4 protein chains.
Amino acid sequence: MAPIVSEEYKRKKKKEILAGALACFAKKGFQAATIDDIVAYSGISKGAIYNYFKSKEEIYLELLNEQTESANARLEENISMLSSAEEKLEYLFDLYRDMSPFSQERKDRITVQLEFTLHSSRDENLNRILNERGKKFFLKLITDIMEDGQIAGEFRPDADPNHVAGLFWTFMDGAMLHRAINEEYPYRTIIDYVKNLVLQDLKKE
Amino acid sequence: MAPIVSEEYKRKKKKEILAGALACFAKKGFQAATIDDIVAYSGISKGAIYNYFKSKEEIYLELLNEQTESANARLEENISMLSSAEEKLEYLFDLYRDMSPFSQERKDRITVQLEFTLHSSRDENLNRILNERGKKFFLKLITDIMEDGQIAGEFRPDADPNHVAGLFWTFMDGAMLHRAINEEYPYRTIIDYVKNLVLQDLKKE
Amino acid sequence: MAPIVSEEYKRKKKKEILAGALACFAKKGFQAATIDDIVAYSGISKGAIYNYFKSKEEIYLELLNEQTESANARLEENISMLSSAEEKLEYLFDLYRDMSPFSQERKDRITVQLEFTLHSSRDENLNRILNERGKKFFLKLITDIMEDGQIAGEFRPDADPNHVAGLFWTFMDGAMLHRAINEEYPYRTIIDYVKNLVLQDLKKE
Amino acid sequence: MAPIVSEEYKRKKKKEILAGALACFAKKGFQAATIDDIVAYSGISKGAIYNYFKSKEEIYLELLNEQTESANARLEENISMLSSAEEKLEYLFDLYRDMSPFSQERKDRITVQLEFTLHSSRDENLNRILNERGKKFFLKLITDIMEDGQIAGEFRPDADPNHVAGLFWTFMDGAMLHRAINEEYPYRTIIDYVKNLVLQDLKKE
DNA sequence: GATGAATGAGATTTCATTCAT
DNA sequence: AATGAATGAAATCTCATTCAT
């Protein structure tokens, strides 16, 4: 007999639960948000939620996964059509710059994302996975651009790609943090400032 | 009933409780840490804790206060003896750079501090207080240096002190975040890199 | 809606469900076994199970029925071909004795059977039914033999058939209980011991 | 500082909880009785119960312990003052015989005790412990008497003490089971019947 | 008739806070 | 003031039963 509901349906349902959970985590924080909150928010019954996820922890892990993956996919796609390394780097700065003005939803997402990251730092295993993924996806995104730029002679050859990559994400995480907690933080201007500092440095001979 | 113990005694007791609480929050996170954990860590009884603090929330707020204040006092004191703006700015960069290698305790403190900040972003009132304090203490620390440096002709006059200050703290928070979650993050090198970028930019004519 | 499947089919399906349920009850106990366990064991879907049984309780009652009936049918059939009362009584002792060594499945059945009996003692109605059935089937089995034996002069006439019957089942239930919970219990030897005591007593003049 | 409450107080409280739990288990069965039942029955709050016991399972284990221990203590004490082996054995039979007529409370206790025993058979570890304890306390009680009786020439020397002991408990458990589930079971008469069979057998030359 | 996803009452357990000693 | 036992609201999770497909 055919399965009662399609895989498609199940995927959609999972998405709905995750969306509701994310909204709740955003509004209250991961620990403070309760399953009942998620029920109220998503309109999906408690039992149903537990049909799709073994525990609240699992929901959190799945969200963690989902966020990194979708962020990464978005970034890689957008970059692939540009040709010069400088354009690519500039594009990344501009991409993050142009997120502002932040919608409440984006602010919430960022807050949750940062909370997730900090929370994960207490679980050795999780921490390792996140760091590996960070290295593989986010750092690599920049180091690849750097290496291309150095081969093409766009960037000075003695710049360490890893340090530039580290600087980029250090700075972006800091900027998003400040923007999330402070309405008046001059997010766009500061990103442009850093972009100029970095690009000028890389193009020095 | 007239107080039987001295103010001094009370202050000491509060300190002990706060120290235990910080350790718990660091190890487990604010929400996950229980009053019983604090009892276990501080060696002070549950009832006594409630004699000194109205609630777990209040302990958390007091810790928040304590941290910013002590950090700020430390910074201002250390800076006051330096004379040139460049030295002061460099000193600040070096101060944060030389925090590394992080002790477990410092890592814990930073994690908690960041969690506090994020958590606070959900409470409008708290958020306002934190931002004002940030402006008054941390941003001002840098803008004062910037203005001195510009008056003294050390820094180019068209640099916006607010932006430099914003950049500094954005970057430091980002760096501490990354260092807290990633053992292999090249914290010192990246701070030096940024220090050079910023100082060279400010000293440009 | 007119029934679409044969009675035969239905009976078979019910049997399958009951077999799965018995296995689950045996492994986990009646309360602890879930409908999902029965689904897993029987391979029959949850919905289908509820097509055949109104509730988990009903499954349990049906199993109870089934067990007593089949046990009784087996006993009566086997006994009917023997002629002397002594042979019959001896046959019953031997029948139970030769159940050992117990297969895991038989041990499970016995455990469940005993649990059922105890559980039933809390439901007045159920308790009455079980006791009546016990009297009608199990006690009667022995009292009939006793009476035949007394009429035939095999057994001493002043033995009370009811007491002998009571002793027999008291003892058998105790022996099965001990055997079910204790691998090392000398089941066969003890049954033989009791058989001899009882038969010698009955054959005394 | 002195402890807030005495050890005596704590012990008393634990006893109260256990008494309430036993009553609930007796009334509804171990699995079916809820913590809320125990709260309602004992008048002790849910939180307090969890201050004394880690889990419902632990309450059950403690009860199990308590029952065997107290039963054993009672038996040994009562027997120690008798001198001949025959008297002792007879005393044990009479002790169990004279439990009847059973109070509702005793019936409940017995039902729970048997349920516990059956339930424990599913946990290998627990099962081992119970069997060892059974061997050490209950079987030994009888085998010791038997050996004394054989040395003193009261009992025939070729009777196997282990088998007599097994028979005794097999029979007593069976009798209590039947008595617990059947009001009309001729408990006293059957025990006397068995007592006579056994004693006569043992005294045969 | 069969399926298994959905439901939600109810179970166990936790924990911030209170309060008698 | 200090203690830690008591409280009970609230959290997480389970599972018998229903019902749309």
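Values below: all heavy atoms of this structure, side chains included; hydrogens, waters and symmetry mates excluded. Computed from a prediction, not measured in an experiment: that's the story for all the values here. The chains referred to below are lettered A, B, ... by the order of the sequence lines, with proteins before strands, and numbering in each begins at 1.
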Quiz item: Ring centroid separation for B/Tyr60 and B/Phe25, is it under 6.0 angstrom?
Solution: no
Measure the distance from [atom1] on [X] to [atom2] on [N] and round it to the nearest whole Å.
| X | N | atom1 | atom2 | value |
| --- | --- | --- | --- | --- |
| A/Glu16 | E/dA5 | CD | P | 15 Å |
| B/Ile17 | E/dT17 | CD1 | P | 14 Å |
| D/Ile49 | F/dT7 | CD1 | C1' | 12 Å |
| A/Ile38 | F/dC13 | CD1 | P | 10 Å |
| C/Lys14 | E/dA2 | NZ | P | 13 Å |

Quiz item: Using a distance-only test with no angle check, is there a side-chain donor-acceptor pair under 3.5 angstrom linking C/Asn125 and C/Arg128?
Solution: yes
Self-check item: B/Asp37 side chain to B/Thr34 side chain, donor-acceptor N/O pair below 3.5 angstrom
Solution: yes
Quiz item: Distance under 6.0 Å and angle within 45° of the ring axis: does B/Lys27 meet both against B/Tyr41?
Solution: no
Quiz item: Is B/Lys14 close enough and on-axis enough to B/Tyr9, meaning under 6.0 Å and within 45°, for cation-pi?
Solution: no
Exercise. Name the closest nucleotide to the C/Lys10 side chain, picking from E/dA5, E/dG1, F/dG4.
Key: E/dG1
Exercise. Look at the side chain of B/Tyr9 and decide which nucleotide, out of F/dA6, F/dA2, E/dG4, has an atom nearest to it.
Key: F/dA2
Using distance only, find each side-chain donor-acceptor pair of residues 45-52 of chain A under 3.5 Å and give its atom names and separation, not counting sequence neighbours.
from, atom 1, to, atom 2, distance (Å)
A/Ser45, OG, A/Ala48, N, 3.2
A/Lys46, NZ, A/Asp36, OD1, 3.2

Practice problem: Determine the contact category for C/Phe53: base if any of its heavy atoms lies under 4.0 Å from a base atom, sugar-phosphate if only primed atoms, P, OP1 or OP2 are that close, otherwise nothing. | Solution: nothing
Quiz item: Any side-chain N or O of D/Tyr52 less than 4.0 Å from the OP1 or OP2 oxygen of F/dA6?
Solution: yes
Quiz item: Stems in DNA chain F: runs of 3 or more consecutive Watson-Crick or G-U pairs, distances under 3.5 Å?
Solution: E:2-21 with F:2-21
Quiz item: Is the shortest distance from a Lys or Arg side-chain nitrogen in D/Lys13 or D/Glu16 to a carboxylate oxygen in the other one below 4.0 Å?
Solution: no
Exercise. Test A/Arg122 against A/Asn127 for side chain to side chain donor-acceptor pair (under 3.5 Å), laying out the working first.
Key: CA-CA 7 Å; A/Arg122 290 193 183 89; A/Asn127 188 240; over 6 Å; no
Quiz prompt | Sugar-phosphate or base contact per nucleotide [nucleotides 10-15 of chain E; S, B, -; heavy atom under 4.0 Å] | solution = BSBBBB
Quiz item: Counting heavy atoms not belonging to D/Glu105, are there more than 12 under 6.0 Å from its CD?
Solution: no
